[in-house]
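Lettering follows sequence order; numbering is per chain, from 1.
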Number of protein chains: 2
Amino acid sequence: MVTEREFLDGYDPRAYPAVAVTVDVVTLTIRDGVLHVLLVERGEQPHAGRLALPGGFVREETLDEAALRELAEETGILPRVHLEQLATFGDPGRDPRMRVMSVAYLAFAPRLPEPTVGGDAAAARWVPVAAATGLAFDHDTILAAGLERARAKIEYTPLATAFVGEEFTIAQLRGVYTAVWGEEPHAGNFHRKVLSVPGFIEDTGATTQRGGERGGPRSKLFRAGDARILHPALLRPSAEERR
Amino acid sequence: MVTEREFLDGYDPRAYPAVAVTVDVVTLTIRDGVLHVLLVERGEQPHAGRLALPGGFVREETLDEAALRELAEETGILPRVHLEQLATFGDPGRDPRMRVMSVAYLAFAPRLPEPTVGGDAAAARWVPVAAATGLAFDHDTILAAGLERARAKIEYTPLATAFVGEEFTIAQLRGVYTAVWGEEPHAGNFHRKVLSVPGFIEDTGATTQRGGERGGPRSKLFRAGDARILHPALLRPSAEERR
DNA sequence: TTAATAGTGTCTATCAGACAGTATCTC
DNA sequence: GAGATACTGTCTGATAGACACTATTAA
């Protein structure tokens with residue numbers, strides 16, 4: 001019987017076929033009521049010049065750390081960002097260089113300034129998700145998975161609050177659902193509903209300085225509550241179409 | 001400007017640090033009303049002799065194919081198995097040999113015969129999930145993720161039918177929910193509910209040959225319907241505790 | 001004044017959960 | 001017959017969605 005120590009001493013990592021592991025991040029934000037994704041223009045081969053999700057090779061760090069690092073390199077400062085693993089894509093041939101496994105991450109960000117250029121990205125910018133097609137590698141597939149995850153996740157978690165600032169109005173929160181789902185929840189029912197879900201939002205006691213651009217009363221300001229799941233959930237209006 | 005062709009010709013895969021990618025499969029089934037997971041006793045270092053999730057290195061195949069292959073090697077034939085990607089675990093140090101990324105999969109299987117011994121597994125067997133602790137590597141964490149996914153997934157998908165045979169009674173289906181959730185749904189309400197969800201189950205017109213072991217009428221036999229999500233969902237009784 | 005918006009009241013259909021009741025079967 | 005189980009009926013409280021209404025504000 002070989003002991004674990006003897007086994008490790010005689011172990012040759014090079015005996016296995018080379019596989020590279022990257023993280024690619026689907027970063028979503030809402031700008032002017034429209035859902036946007038952060039994309040970079042690839043500065044290097046392969047697919048130089050095409051748009052792609054920001055990402056890079058994993059270093060001596062955890063996968064979560066790698067995703068956070070890539071995101072920080074592209075966007076600079078990172079206030080209140082939610083980051084979660086999405087899925088791993090590793091079909092042979094998805095990268096022409098070699099076998100590359102991409103661990104995809106999903107990030108929800110409040111409105112950020114224009115991204116800084118960094119890493120091997122020729123340029124990074126926010127692109128409306130409707131216009132984000134024809135991406136490099138299999139990033140169209142990864143983006144689609146991220147969008148579906150986002151749409152489902154704001155139903156039963158309070159993560160919609162990750163898209164707005166520290167303090168927000170219920171109308172702003174409704175705007176998040178409208179942008180992510182692509183359909184607007186009923187304003188009155190939405191209002192009553194989010195207030196009734198325990199721990200979703202908390203009243204700050206303050207109101208906005210002025211009403212809406214085109215009239216209306218000042219609205220109360222809220223902050224995110226401490227709930228981690230929403231019960232009962234806010235279901236998408238199109239739920240019955242999913243049969 | 002380097003063309004893609006020139007770039008690829010000069011590319012050296014060995015320039016990157018060696019990373020290995022494995023798939024590990026959380027295979028769940030129900031035996032005598034108790035949720036079991038398929039485990040192997042490791043025949044090789046590291047962690048020789050300890051229980052672990054079945055898995056192995058990814059070959060020249062997709063990740064889904066690798067998971068299916070590993071599962072087939074451990075269990076033999078695979079009727080009606082549901083298989084989905086769970087998450088990827090890649091912390092440095094999770095494997096003492098080298099950097100190993102494990103792409104974890106989750107499988108739901110109907111009751112299967114005792115697994116065949118194959119691959120590098122000294123022995124493969126079904127273990128009640130309550131007894132499946134102290135696993136090799138970070139497999140305790142992977143198993144916990146798989147269990148939580150399974151508990152959530154049978155709420156809003158018809159995947160509970162993947163645990164039973166082609167034809168089943170409503171009581172058998174209720175047994176799946178009882179085993180996975182750890183608490184029994186109300187029999188009468190469950191009955192009415194599963195029949196009311198469109199596309200969940202279809203009446204075959206047949207009944208069981210005899211009633212229950214300790215009496216009761218014969219029950220109707222059903223088969224899985226064509227719904228891919230359940231609407232409305234069957235929520236766990238403990239939903240309000242999740243706040 | 002007009003139009004827009006925040007927030008509330010109310011009605012209806014649906015659903016979850018509790019409970020009871022009947023029919024059918026095994027032992 | 002006793003006990004267990006399949007399946008159904010019914011009631012109650014909660015909820016989603018539709019609609020209407022009031023109050024407040026910008027232009």
Measure the distance from [atom1] on [X] to [atom2] on [N] and round it to the nearest whole Å.
| X | N | atom1 | atom2 | answer |
| --- | --- | --- | --- | --- |
| Leu221(B) | dT5(D) | CG | P | 18 Å |
| Leu235(B) | dA14(D) | CG | P | 17 Å |
| Glu184(B) | dG17(C) | CD | C1' | 15 Å |
| Phe190(B) | dG17(C) | CZ | C1' | 15 Å |
| Asp203(A) | dT8(C) | CG | P | 10 Å |

Under the ring pair (Phe, Tyr, Trp, His ring centres under 6.0 Å) test, which residues partner [X], sequence neighbours left out?
| X | result |
| --- | --- |
| His82(A) | Phe108(A) |
| His36(A) | none |
| Phe190(B) | Tyr177(B) |

Exercise. Keeping the roles fixed (side chain from Arg218(A), backbone from Gln209(A)), state whether a donor-acceptor pair exists under 3.5 Å.
Key: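 Yes; at least one donor-acceptor contact below 3.5 Å.
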Quiz item: Is the shortest distance from a Lys or Arg side-chain nitrogen in Arg111(A) or Asp32(A) to a carboxylate oxygen in the other one below 4.0 Å?
Solution: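 Yes, Arg111(A) and Asp32(A) are salt-bridged.
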Self-check item: Residues Arg125(B) and Glu41(B) bridged, charged N to O under 4.0 Å
Solution: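 Judged by the 4.0 Å cut-off on N to carboxylate O distance, Arg125(B) and Glu41(B) do form a salt bridge.
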Quiz item: For residues 159-173 of chain B, which residues have at least one heavy atom under 4.0 Å from DNA chain D?
Solution: Ala171(B)
Going by atom type alone, with no hydrogens or angles, which donor-acceptor pairs under 3.5 Å involve a side-chain atom of residues 157-171 of chain A and a protein atom two or more places apart or on another chain?
unit_1	atom_1	unit_2	atom_2	d
Thr157(A)	OG1	Lys153(A)	O	2.7
Thr157(A)	OG1	Leu159(A)	N	3.4
Thr161(A)	OG1	Pro158(A)	O	2.7
Thr169(A)	OG1	Ala171(A)	N	3.4
Thr169(A)	OG1	Gln172(A)	N	3.0

Quiz item: In B/S/- notation, 5' to 3', how is nucleotides 18-27 of chain D contacted by protein heavy atoms closer than 4.0 Å?
Solution: BB----BBSS
Quiz item: Is the distance from OP1 or OP2 of dG7(C) to the nearest side-chain N or O of His191(A) less than 4.0 Å?
Solution: yes
Quiz item: Should Val37(B) and Val26(B) count as side-chain neighbours, where that means a heavy-atom distance under 4.5 Å?
Solution: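 Yes; the side chains approach each other to less than 4.5 Å.
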